[in-house]
Amino acid sequence: MDEKYFAKKIEDKWQTKWRESGAFEVEETDAKPKFYQLEMLPYPSGNLHMGHVRNYSVGDALAWYKRLKGFNVLHPIGWDSFGQPAEDAAIKRGVNPRDWTEENINHMRGQLQRLGLSYDWRREMAAHRPDYYKFDQWFFLKMYEMGLAYKKMSQVNWCPNEKAVLSNEQASGGICWRCGWAVEKKEIEQWFLKTTAYADQLLDDMAEIEAGWAEKVLKRQRDWIGRSEGAFVEFGIRNSEFGLKEDTNPQSEITNPKSVRVFTTRIDTIYGANAIVVAAEHGIVEANFANFSDETRAVIEKIKADKLKVTDHEAEIEKEGVDTGLKAVNPFSGEELPVWVGNYVMIEYGTGAVMSVPAHDERDFEFARKYDLPIRQVISEPHLAHEHSQMQAMALEQAFTEYGVLVHSDYWNGKTSDAAKKEMTDYAVKHGFGEAATTYRLRDWGISRQRFWGSPIPIVYCDVCGVVPEKQENLPVLLPENVTITGAGESPLAKVPEFVNTVCPNCNEPARRETDTMDTFVDSCWYYFRYLDNQNSEMPFAPEKAAYWTPVDQYIGGDDHAVMHLIYTRFWTKTMRDMGLVTFNEPVKRLLTQGMVIGETFFDVIPNEEDPESKGKRIYFPPDKVTVERDAKGKIVSAKSADGKELQSAVERMSKSKGNGVDPDEMVEIYGADAARLFVLFAAPVENELVWNEAGIEGATRFLQRVWRFTYKWIQEGGFRPLESGFEVEGSRLDSQEFGYKMPSVGFIIKGDNAPGSTKGNSPEVRKLTQKTHQTIKRVTENFESLQFNTPVAALMELSNALYDFKVEPSEANDEERYAVRVALVSLVLMLTPFAPHTAEELYAQLIGNDQGILANGAQFPIADENLAKADEIEIPVQVNGKLRSRVLASPEASNDDLEKMALADAKVAEYTDGKQIVKIVVVPKRLVNIVVK
RNA sequence: GCUUGGGUGGCGGAAUAGGUAGACGCACAGGACUUAAAAUCCUGUAUCCUUCGGGGUGUGCGGGUUCGAUUCCCGCCCUAAGCACCA
């Protein structure tokens with residue numbers, strides 16, 4: 001054993017050993033319970049960043065913990081390797097996206113391996129390889145068969161100059177990223193997956209995972225799905241010349257060309273309706289458009305045009321509208337209402353038409369204020385109901401959106417909102433002008449992308465047969481090689497004749513392929529099922545393998561994926577269940593969302609007034625090129641660039657472009673993988689943001705070195721020489737029931753009823769150390785079970801400090817002392833494994849005298865012995881009137897009476913109680929005594 | 001604007017279930033070792049007062065419940081994230 005701790009040396013050694021022995025390679029077995037530990041797979045951008053390091057360090061710690069707890073742990077990794085950056089690199093630099101991606105994967109795989117992450121590398125998958133995307137296509141065809149994939153018109157961002165479809169990022173700010181032209185919306189036909197068919201299941205099945213998912217994630221998903229219960233109500237149209245051309249209400253089953261159907265969650269407010277407001281695209285507008293005045297038409301055209309503008313979602317859009325002159329009839333009151341077009345009504349949601357009730361809806365209120373429409377209160381707070389019913393009009397300052405009691409509502413007066421909602425809906429149904437309805441915010445998932453670097457959608461267009469799905473046996477539909485990608489034009493594949501021109505799978509006549517590729521979120525929907533069976537060329541995976549390994553026991557990733565990815569993959573699982581591939585509803589039992597890693601940034605803001613496009617843009621400076629002055633508290637006073645320019649600073653998400661990224665390779669080079677990983681886990685709770693601070697990592701190194709030095713000293717100075725008397729000694733490993741894990745030998749093993757480690761020991765020091773050992777085991781175990789990673793590191797540091805406090809020289813230590821140290825040290829090393837596996841492996845090897853490795857030796861996570869963890873004496877604080885005045889030492893078994901007596905007998909306490917009347921004494925067993933005096 | 005988290009030393013953060021606030025680490029200061037430095041080891045470090053025994057205050061602010069509140073309740077302030085016309 002080296003006297004000094006050389007991180008690089010032991011990390012190389014153990015990484016090689018693990019690889020050669022296949023230490024983390026697993027297969028299905030009934031011998032152990034399974035545990036599927038999964039982390040979100042990286043996009044192969046070229047370099048690992050600290051966010052990855054954090055994510056994978058947490059996952060690896062859990063994987064190791066579960067292994068040491070006797071589980072058969074599946075811990076795989078792969079690559080989310082389709083996507084825009086590869087294509088952008090191809091456009092900008094003319095590289096082949098495939099080569100670019102493969103190179104990046106090779107580099108990043110090396111980075112992961114240098115971190116010593118315990119993956120089963122045989123199971124690696126990459127989305128861009130045909131053996132994977134073949135099954136994206138396989139799934140698409142299945143969904144097409146099931147009626148879950150369909151085509152419809154939909155909007156994309158469109159650059160009229162480049163004639164190219166842009167992603168949201170490329171259209172950021174409403175201008176094309178390449179040429180700067182104003183981006184427009186354009187309607188093209190695209191493929192959709194029917195996520196809405198599972199809206200209710202996506203909501204209701206949350207009950208199954210509530211215990212393991214953070215509430216904030218579930219809440220965001222609930223909001224995203226946005227189920228609202230309400231009613232459709234039909235308003236007759238009095239002077240509509242043409243009526244509706246067709247039923248424009250996709251969710252409706254009642255069609256009446258002479259009416260407008262609205263969706264409302266507040267049918268109880270219907271007597272307060274002052275208008276019907278419809279979207280500009282609504283059928284009733286189209287049908288009567290010719291009859292409208294020029295001004296009306298102009299407003300409607302403007303509203304439509306505004307909707308095609310790409311805007312940043314920041315600014316609140318001012319309400320705008322126009323009275324069409326059409327008249328609707330409130331089916332409850334018979335009152336005639338004007339029909340308006342309003343820019344705040346969305347054609348995509350509900351029926352594209354609302355009843356405007358300004359008194360009880362904020363948007364309608366704002367609209368009514370602007371156009372001076374009447375505002376009538378029909379819901380009142382219960383205690384004001386009588387008063388309100390006497391008044392004709394109420395001057396409301398703002399909309400009253402709460403539930404209450406109905407007023408000015410004829411027959412329904414006095415009813416509560418709850419009761420009225422139900423009864424009025426029933427009434428509408430009975431009279432044929434309405435029905436109960438549920439609507440969702442969730443839209444079907446548009447998966448068409450007009451890009452090259454994705455999985456081709458396996459559809460063929462035939463002049464004879466129409467839309468024809470490719471045959472399963474013809475999969476994969478391969479991406480062509482050697483395509484020049486320019487970024488201009490509709491879809492890169494459309495310009496590759498060898499790809500486009502094909503024959504119809506149905507009639508063998510010439511036909512054309514679909515040239516759109518799939519959204520990369522498709523790849524990440526089911527990748528973790530591919531790990532189970534990544535060589536399978538017939539099926540995405542064998543259902544038996546899924547039955548063994550899935551659902552995923554623990555998933556870890558950033559909460560930026562709380563909605564999209566995690567909803568899509570839940571949706572996908574439900575379709576796989578309906579295909580008979582899996583038998584459960586939910587793919588992930590427990591989800592841990594980790595916070596971002598952030599760092600200080602320095603930048604200059606462009607004040608340029610003349611060029612409005614670049615105004616306000618930030619130019620970032622790398623922190624190491626910035627001269628920073630800080631005050632005594634460490635706050636930045638000033639920051640200057642090399643040429644003396646005053647810079648602003650902030651704390652932001654790490655990224656290359658901001659110059660505040662930290663290179664994991666550099667960290668590993670300087671401090672070692674173990675120290676870097678240990679620090680990342682120790683620095684902050686996983687859910688929190690982690691502000692990167694270089695200084696802290698030295699603390700992690702220091703801790704590992706302390707453990708190393710202690711072990712070295714005790715081994716070198718004979719602390720673990722055979723015991724001298726009273727104990728049976730063996731030369732090989734042996735299970736020690738007392739400790740729940742194997743206590744292997746360094747020349748000795750203790751056995752027998754009178755072994756000192758199985759008692760508390762005789763000297764106070766030994767008792768204290770033994771106690772600390774078992775208390776630490778208890779704490780660390782509890783922390784792992786509740787997914788805390790910073791506190792167990794603190795506990796291990798305490799145990800290490802306790803060993804340093806144990807002031808006995810190894811050469812002079814007696815059997816009892818040496819045994820206690822050994823138990824503490826082996827426990828410490830085993831508990832350190834999840835955080836610093838290389839160091840732990842090496843220390844363990846030194847302690848037991850063989851190099852086979854922790855897992856091969858069958859070592860397990862230590863188990864705490866409650867009896868040994870218990871303290872002989874505990875300190876009981878004594879309060880007088882709630883203020884801490886003294887402490888007394890008592891046995892943990894001391895009765896309340898004993899504690900009370902001891903407290904009263906205490907001299908310090910007496911100072912505060914003398915001459916006062918004792919009103920009450922509160923005794924909390926094992927906790928404290930509080931004496932209340934007057 | 002709405003929703004949900006979060007406010008604890010110079011900093012990151014601890015504190016089962018209402019029961020000793022500040023574990024552990026960083027940073028800083030002092031000491032030991034050394035020719036010296038680094039490393040290491042030891043000591044101290046919420047704050048104010050102190051006759052050095054100790055005492056007062058303190059978990060964003062104001063109130064409440066309780067023998068006792070960082071923890072529970074009410075009101076407010078600040079902050080981060082998400083959503084943003086979803087009827």
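Note that the coordinates shown come from a computational prediction; the quantities given were computed from them, not determined experimentally. Below, chain A is the first sequence line, B the second, and so on; all start at residue 1.
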Residue pairs meeting side chain to side chain donor-acceptor pair (under 3.5 Å), one or both in residues 674-685 of chain A, sequence neighbours left out, come to A/D60-A/R677, A/D674-A/H838, A/D674-A/T839
Could you list all the side chain to side chain donor-acceptor pair (under 3.5 Å) pairs where at least one residue sits in residues 695-710 of chain A, not counting sequence neighbours? A/R706-A/N801
Quick one: sort the [X] and [Y] rings into parallel, tilted or perpendicular, breaks at 30° and 60°.
X: A/W714; Y: A/F806; result: tilted
X: A/F367; Y: A/Y344; result: tilted
X: A/H360; Y: A/F400; result: perpendicular

Starting from the 5' end of RNA chain B, give me the residue, A/Y804 or A/E362, whose nearest nucleotide shows up first. A/E362
Could you pick out which residue, A/D364 or A/L690, lies toward the 5' side of RNA chain B when each is mapped onto its nearest nucleotide? A/L690
For A/R222, what residues pass the salt bridge (Lys or Arg N to Asp or Glu O under 4.0 Å) criterion, not counting sequence neighbours? A/E215
Got a sec, which residues hit salt bridge (Lys or Arg N to Asp or Glu O under 4.0 Å) with A/D559, two or more places apart in sequence or on another chain? A/K216
Sequence-aligned protein contact record of nucleotides 18-28 of chain B, with B where the base is within under 4.0 Å of a protein heavy atom and S where only the sugar-phosphate is: -BB--BBSSS-
Rounded [atom1] spacing from [N] to [M] in Å:
N: B/G82; M: B/A29; atom1: C1'; result: 45 Å
N: B/A84; M: B/C72; atom1: P; result: 31 Å
N: B/G5; M: B/G44; atom1: C1'; result: 37 Å
N: B/A15; M: B/U70; atom1: C1'; result: 9 Å
N: B/A23; M: B/G18; atom1: P; result: 23 Å
N: B/G1; M: B/A69; atom1: C1'; result: 34 Å
N: B/C2; M: B/G56; atom1: P; result: 45 Å
N: B/C49; M: B/G10; atom1: P; result: 16 Å

What contact category does [X] fall into here, base, sugar-phosphate, or nothing, at under 4.0 angstrom with non-hydrogen atoms?
X: A/V354; answer: base
X: A/R220; answer: sugar-phosphate
X: A/S228; answer: sugar-phosphate
X: A/R222; answer: nothing
X: A/V345; answer: base

For A/D200, all residues meeting side chain to side chain contact (heavy atoms under 4.5 Å, CB included), sequence neighbours excluded: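 Here the qualifying residues are A/D204, A/R227, A/Y440.
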Identify whether the glycosidic angle of B/G53 places it syn (within 90° of 0) or anti. syn
Classify the glycosidic conformation of B/G9 as syn or anti, calling it syn when the angle lies within 90° of 0.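 With its glycosidic angle within 90° of zero, B/G9 counts as syn.
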Any ion pair linking A/K422 and A/D418 (charged N to carboxylate O, less than 4.0 Å)? no
Under the rule for side chain to side chain donor-acceptor pair (under 3.5 Å), what residues qualify as partners of [X], not counting sequence neighbours?
X: A/D2; answer: A/K9
X: A/E362; answer: none
X: A/N896; answer: none
X: A/S356; answer: A/N274

Rounded to whole Å, how long is the line connecting atom CG of A/N688 with atom C1' of B/G6?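 Rounded to whole Å, this separation is 9 Å.
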Within the structure, does a side-chain N or O atom of [X] lie under 4.0 Å from either OP1 or OP2 of [N]?
X: A/Y912; N: B/G55; answer: yes
X: A/K920; N: B/C67; answer: yes
X: A/Y344; N: B/A87; answer: no
X: A/N881; N: B/G68; answer: no
X: A/K883; N: B/U57; answer: yes

Determine which bases of RNA chain B form Watson-Crick or G-U wobble pairs with both distances under 3.5 Å, and write the result as a 5' to 3' dot-bracket string with | for other-strand partners. (((((((..(((......[....))).(((((.......))))).((((....))))..(((((..]....))))))))))))....
Distances under 3.5 Å between nitrogen or oxygen atoms of protein and nucleotides 49-53 of chain B:
none

